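Report on one structure; see the data block that follows.
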Amino acid sequence: MNKRVRVRFAPSPTGGLHLGGVRTVLYNYLFAKKHDGDFILRIEDTDQSRFVPGAEEYIFNCLKWAGLEPDESPVPGGIYGPYRQSERKELYSKYADQLVMDGHAYYAFDTPEALEKMRYDYKTEQNPSPQYDHSLRMKMRNSLTLSADETHQLLAAGIKHVIRIKMPEHETLSFTDIIRGEVSFDSSFVDDKVLLKADGMPTYHLAVVVDDYLMKISHVFRGEEWLPSVPVHILLWKYLFGLENMPLWAHFPLILGPNGKLSKRDGAKYGFPVFAMSWTDPKTGETVEGFKEKGFLPEAFINFLALLGWNDGTEQEIFSRQELIEKFSIERVHSAGAKFDYEKAKWFNHEWIKLSEVSSLKPEIRSLLSEKGITDIDDALLGKVIGLVKDRCTLLSDFMPQSSFFFKAPQTWDADAVKSKWNEQKKEFFKQLIRNYSDTTAWQAPVLEENFQTTAVANQLKPGELQLPFRIMLVGGKFGPPVFQIAELLGKNETTSRIKNALEVF
RNA sequence: GGCCCGUUCGUCUAAGGGCUAGGACACCACCCUUUCACGGUGGUGAUACGGGUUCGAAUCCCGUACGGGCUACCA
């Protein structure tokens with residue numbers, strides 16, 4: 001009689017989507033797919049002061065790139081919509097009112113200044129951040145301290161107010177976290193959180209409970225930063241919808257940066273991306289590069305995020321999306337925070353590039369090359385080039401330096417690599433090689449290599465010592481695939497002309 | 001300060017009472033390769049500390065230390 005699995009990712013559209021967020025999406029997604037359930041995207045935009053234009057669409061794009069598209073979301077919609085909390089505004093107040101009627105919540109008329117004063121007045125060394133809680137609520141201006149008449153008058157007069165939950169004292173609130181086991185709280189330590197704001201919008205606490213109920217969410221998987229607010233949510237479930245209907249919960253550990261927490265703001269500072277895709281702040285115009293733009297394959301991105309805090313118990317590390325869906329389990333998510341290791345992330349990407357079919361790499365590489373002004377490349381040639389160089393590319397962007405010489409003759413040569421051992425005899429060899437190659441009819445690597453060898457021997461030179469200069473002539477530097485393969489792809493005219501040009505410089 | 005979560009090689013982790021503490025990344029060495037890589041072989045390197053429980057603890061319990069999160073009319 002298990003409920004249908006329905007999970008959700010509920011971001012607040014305020015900026016770039018970072019590693020931790022994507023991992024939360026990923027684990028939700030994998031869990032949903034594994035159990036033939038639904039993955040829902042719900043936009044938590046109840047804070048109108050934090051509205052950032054473009055942020056919502058950006059999130060959609062990131063999910064699309066990562067291949068983690070929701071079954072229900074603001075875009076295709078769904079039967080439990082709307083999926084933007086700002087569009088569900090009217091829904092929430094009746095639940096808040098019900099809580100007030102039942103005595104579980106109350107109206108509070110304190111102004112922001114009054115709250116600030118309270119925090120200042122009661123601040124001590126022992127208690128640096130006083131809370132609006134059972135110890136202080138009777139000292140504030142609310143429906144608990146005001147008479148019923150006064151309260152009604154204030155409400156009738158349309159005085160700005162919020163609704164706060166009335167946290168009970170000495171009540172033990174506990175739940176079983178799927179990856180941490182039983183966690184319990186003493187309600188006395190929790191403050192009277194605001195449920196409904198003065199502008200009529202719910203806070204996260206009310207909205208999350210109401211929407212999870214209305215959207216029939218079966219499991220709530222979110223970051224560890226939410227753990228402290230669980231007691232409030234437990235109470236809301238108890239008061240509103242019944243504990244027996246409460247979803248199962250799991251709180252994921254945080255992803256940390258090199259020195260502690262991974263902050264959105266530091267974006268570029270670490271020397272590696274933190275966002276899935278590049279994000280441009282509409283206010284400052286500042287852009288922070290994302291994993292996509294850095295040259296990561298979505299398969300690799302997903303793969304290393306999945307392994308950051310989870311493993312299947314075997315020594316397997318490379319997983320396709322399908323394998324992840326089959327093997328993922330929430331119970332095996334590690335409970336400790338994980339420091340993000342960029343070197344390992346690059347290793348995953350390298351593995352995925354090596355694993356990728358040439359044809360699947362083509363479109364991406366083609367657009368990368370065209371950005372550098374290299375266009376009109378023969379499709380078959382491009383395929384061969386990719387096949388030859390992909391093993392030496394860690395990032396997609398490495399294709400450029402690794403393969404541009406196939407399409408554009410080198411402008412400079414690593415002369416130092418040649419100079420020391422260069423002499424007239426070698427120069428003669430290459431002149432002869434040009435003649436021999438010009439007569440070659442079967443322009444293929446093995447033929448070229450054999451020709452090269454025999455010419456060398458005829459000149460009483462060691463072929464090995466000539467290969468490096470040859471490479472420098474064709475490539476410009478000491479790198480790249482086997483040199484005769486390069487010559488084959490370059491073709492007769494290009495090869496001989498590159499030798500000729502280089503000979504004038506050497 | 002209070003509350004909550006956490007702690008195995010530098011990093012990600014395996015091992016959920018019995019063992020040479022395993023793997024991967026990174027690093028080092030060698031092999032392959034007369035380029036750079038790929039690949040192969042080997043190496044350095046960890047159970048935070050202190051008490052218990054037990055024949056036996058990385059594994060269970062307590063304490064300490066350290067790390068992190070929360071402590072908004074933000075999510």
Side-chain angles (χ1 to χ4, degrees), chain A residues 10-14 44-47 49-50 85 108 110-112 115-116 119 123-133 160-164 177 180 183-186 188-191 193-205 207-208 222-231 251 253-254 256 258 260-261 304 307-318 332 334-348 350-351 354 389-394 398 402 414 417 462-472 474-475 477-483 486:
Chain A
S12 176
T14 54
E44 309 239 336
D45 55 352
T46 53
D47 186 357
S49 69
R50 292 213 302 168
Q85 287 181 332
D110 314 278
T111 61
L115 291 174
E116 200 177 317
R119 291 196 182 99
K123 184 172 177 172
T124 62
E125 216 158 281
Q126 272 70 41
N127 184 13
S129 5
Q131 301 196 111
Y132 199 123
D133 62 9
K160 288 271 185 200
H161 64 278
V162 302
I163 293 179
R164 286 181 182 269
D177 187 290
R180 289 160 207 275
V183 180
S184 57
F185 306 83
D186 180 340
S188 307
F189 293 116
V190 185
D191 62 333
K193 291 263 183 267
V194 170
L195 264 19
L196 203 68
K197 302 188 254 190
D199 65 2
M201 277 287 194
T203 59
Y204 173 81
H205 306 292
V208 75
R222 76 241 280 202
E224 191 181 348
E225 70 270 25
W226 292 109
L227 214 34
S229 58
V230 164
H251 293 85
L254 268 15
L256 311 170
K261 70 175 170 198
F304 79 71
L307 273 282
L308 201 57
W310 173 85
N311 70 84
D312 74 341
T314 72
E315 285 172 358
Q316 182 175 352
E317 297 208 85
I318 301 298
R332 285 199 66 89
H334 208 67
S335 55
K339 206 171 281 183
F340 172 65
D341 182 356
Y342 186 50
E343 292 306 317
K344 183 116 188 198
K346 283 195 292 191
W347 175 79
F348 274 106
H350 193 182
E351 292 301 306
K354 286 191 285 181
V389 305
K390 70 186 181 108
D391 281 9
R392 40 206 106 205
C393 294
T394 296
D398 291 335
Q402 285 292 338
D414 182 357
K462 288 183 192 158
E465 289 183 14
L466 294 159
Q467 273 191 35
L468 186 62
F470 187 35
R471 167 178 299 280
I472 305 285
L474 301 186
V475 175
K478 291 199 288 185
F479 62 94
V483 70
I486 295 172

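Below, chains carry the letters A, B, ... as their sequence lines are ordered, and counting in each starts from 1. If you're wondering where the values come from, they're calculated on a predicted model, not measured in any experiment.
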TODO: For B:A14, take OP1 and OP2 only and decide whether either is under 4.0 Å from a side-chain N or O of A:T314.
DONE: no

- [ ] Look at A:N311 and B:A14 and indicate whether a side-chain polar atom (N or O) is within less than 4.0 Å of OP1 or OP2.
- [x]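 Result: yes.
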
- [ ] Between B:A15 and B:C60, how far apart are the C1' atoms? Round to whole Å, please.
- [x] 16 Å

Task: is_close_aromatic(A:F304, A:Y342), centroid dist under 6.0 Å - done: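 Ring-ring flag for A:F304/A:Y342: false, centres at least 6.0 Å apart.
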
Open item on the list: Under 4.0 Å between a side-chain nitrogen and a carboxylate oxygen: does that hold for A:K193 and A:D191?
Closed with: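 Yes, charged N to carboxylate O under 4.0 Å.
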
Task: Lys/Arg N to Asp/Glu carboxylate O, A:K346 vs A:E343, below 4.0 Å - done: yes

Open item on the list: Syn or anti for B:C32, given that syn means the glycosidic angle lies within 90° of 0?
Closed with: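 You should classify B:C32 as anti.
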
Open item on the list: Here's one to test your reading of the geometry: is the NZ or CZ of A:R164 within 45 degrees of the ring axis of A:Y132 and under 6.0 Å from its centre?
Closed with: yes

Among [options], which nucleotide sits nearest the side chain of [X]?
X      : options             : value
A:P112 : B:A15, B:C73, B:C25 : B:C73
A:T203 : B:U34, B:G69, B:C74 : B:C74
A:A198 : B:C73, B:A24, B:G69 : B:C73
A:L227 : B:G68, B:C73, B:C4  : B:C4
A:F189 : B:G23, B:G2, B:C5   : B:G2
A:K197 : B:U35, B:G69, B:C74 : B:C74
A:Q131 : B:G39, B:U71, B:C4  : B:U71

With a non-hydrogen cut-off below 4.0 angstrom, is [X] in contact with a base, only sugar-phosphate, or nothing?
X      : answer
A:S184 : sugar-phosphate
A:G309 : sugar-phosphate
A:P482 : base

Task: Opposite nucleotide pairing with B:A58, Watson-Crick or G-U, both atom distances under 3.5 Å - done: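 Base-paired to nothing in any strand shown.
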
Open item on the list: Under 3.5 Å for both donor-acceptor distances, Watson-Crick or wobble: does B:U64 have a partner, and if so which one?
Closed with: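 Because both required distances fall under 3.5 Å, B:U64 counts as paired with B:A48.
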
